[in-house]
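Have a look at the structure below, then the notes.
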Number of protein chains: 2
Amino acid sequence: MLLSTKGDYGVRAMIDLAKHEGEGPVQRAEIARRRQIPESYLDHLLAQLRRGGFIRSTRGPGGGHELARPADQICLLDLLESLEGSLAPLQCVENPAGGPEAICGQDWVWKEIYDDMRVRLAAVSLADLVEHERDHERELVTSAHYVI
Amino acid sequence: MLLSTKGDYGVRAMIDLAKHEGEGPVQRAEIARRRQIPESYLDHLLAQLRRGGFIRSTRGPGGGHELARPADQICLLDLLESLEGSLAPLQCVENPAGGPEAICGQDWVWKEIYDDMRVRLAAVSLADLVEHERDHERELVTSAHYVI
DNA sequence: ACAATGTTGACCGGATTGGTCGAGAATAGT
DNA sequence: ACTATTCTCGACCAATCCGGTCAACATTGT
């Protein structure tokens, strides 16, 4: 597994914030409930997202969390690399391999895959993810209509 | 990191066997030395490769390991999936997600990347990897020639 | 003052990783 | 039959990571 729950949950949380953009701070408890994330674990992810500059948090009653920038200016690549660290599929793809090692033998294959992956992830914004989710919801509603 | 040392070392070992195809069994100690893999750890990887049907092993003096099929009939995808298990980058990409979860939100992006990745890996054979390594060696020799 | 909320860091059990080690089984050569 | 060589198998182990809990504290609105 390339991504741990950090990347999964973290992006879920960001999608939730993006969906409620402009409605004031969203509370930890709400995010946790809607996205099925353990509340106390979500803490750590929000802290990481804050340090990464993706969200702003305000304390006290009526406090909560909001996006630091518009959803269409946050791409999935930045988000995931901030949450997970490097997404390199293989050790020797990331580091410069020091000397003339070349002992790995499959690095060139993975370099291609990795580059392509990063391009794709960079092309998807948080806004795209929200839009996709809204589309999916509409689909569900429609199919339910015909079933019932 | 998507791949652990299992996938890295395992493929290294297979490249080594492919490179010495037709020269009789290659011994564990040789592979370990040439490819810089701890000998006793290599044991486990060879066992896994044997169970996966990729190699045959013979005991006793003069024994060792050889490819079970020609190198051009073994693709990187099969090897890695046998060594590492599923290469799915995200939980929800692999399992059918049970009910109408769709809570992940980024699964569609990763499904595309995953499919593409598997196609690429399926297109690379062990023979390709050996050829690439030989090319690389020639390059090194050539550049060394000019430097000296 | 008090309640609501976020912030931080310590801690924890279980799984996985990346090995080591030793006893044993098969086989070739003598 | 004996021995040296080589693979085979499973037990074991230390370190790290993962997913998560918890308690103590800081900040702010009323």
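Numbers restart at 1 for each chain; the letters A, B, ... are given by sequence-line order, proteins then strands. Since the model is a prediction, treat every value here as computed from it, not as a measurement.
Paired with B:Asp16 under the rule salt bridge (Lys or Arg N to Asp or Glu O under 4.0 Å), one option of B:Arg34, B:Arg33, B:Arg28 passes, and it is B:Arg34. For the side chain to side chain contact (heavy atoms under 4.5 Å, CB included) with B:Leu126, the qualifying choice from B:Leu67, B:Asp78, B:Leu76 is B:Leu67, the only one to do so.
As rounded to whole Å, 9 Å separates atom P of C:dG6 from atom CG of A:Leu42. If you take CD of A:Gln48 and C1' of C:dG6, they are 17 Å apart, rounded to a whole angstrom. B:Gln91 places its CD atom 11 Å from the P atom of C:dT16, with the value rounded to the nearest Å. One can place CD1 of B:Ile37 at 16 Å from C1' of C:dT20, the figure rounded to the nearest angstrom. For B:Glu39 and D:dC7, the CD to C1' distance is 11 Å, given to the nearest whole Å. For the pair B:Leu49 CG and D:dC7 C1', the computed distance is 14 Å after rounding to whole Å. With rounding to whole Å, B:Gln36 atom CD is found 17 Å from C:dG18 atom C1'. To the nearest angstrom, C1' of D:dT6 lies 7 Å from CD of B:Gln27.
Residue B:His65 holds its NE2 atom at 10.0 Å from CG of B:Leu49, rounded to the nearest 0.5 Å. Residue B:Ser86 holds its OG atom at 5.5 Å from CE of A:Met1, rounded to the nearest 0.5 Å.
In terms of phosphate contacts, B:Arg50 brings no side-chain nitrogen or oxygen within less than 4.0 Å of OP1 or OP2 of D:dC7.
Within the 4.0 angstrom heavy-atom criterion, base atoms lie near A:Arg28.
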Along nucleotides 10-19 of chain D, 5' to 3', which nucleotides get a B, which get an S, and which get a -, given that the test is a protein heavy-atom distance under 4.0 Å? BB-------S
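For B:Glu84, the side-chain hydrogen bond (donor to acceptor under 3.5 Å, both in side chains) partners at least two apart in sequence or on another chain are B:Ser4. Evaluation of the salt bridge (charged side-chain N to carboxylate O under 4.0 Å, His left out) rule for A:Glu131 yields no partner, not counting sequence neighbours. In this view, B:Lys6 satisfies the side-chain hydrogen bond (donor to acceptor under 3.5 Å, both in side chains) rule with no residue, not counting sequence neighbours.
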Enumerate the protein-to-nucleotides 23-30 of chain C contacts in which both atoms are nitrogen or oxygen and the separation is below 3.5 Å.
residue	atom	partner	partner atom	Å
C:dA25	N3	B:Arg59	NH1	3.3

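Across every non-hydrogen atom of B:Ala18 and B:Ala71, the tightest pair is CB-CB, 4.0 Å.
Within the structure, the ring-ring contact (aromatic ring centres under 6.0 Å, His included) test picks out the following pairs touching residues 114-133 of chain A (sequence neighbours left out): A:His132-B:Trp108.
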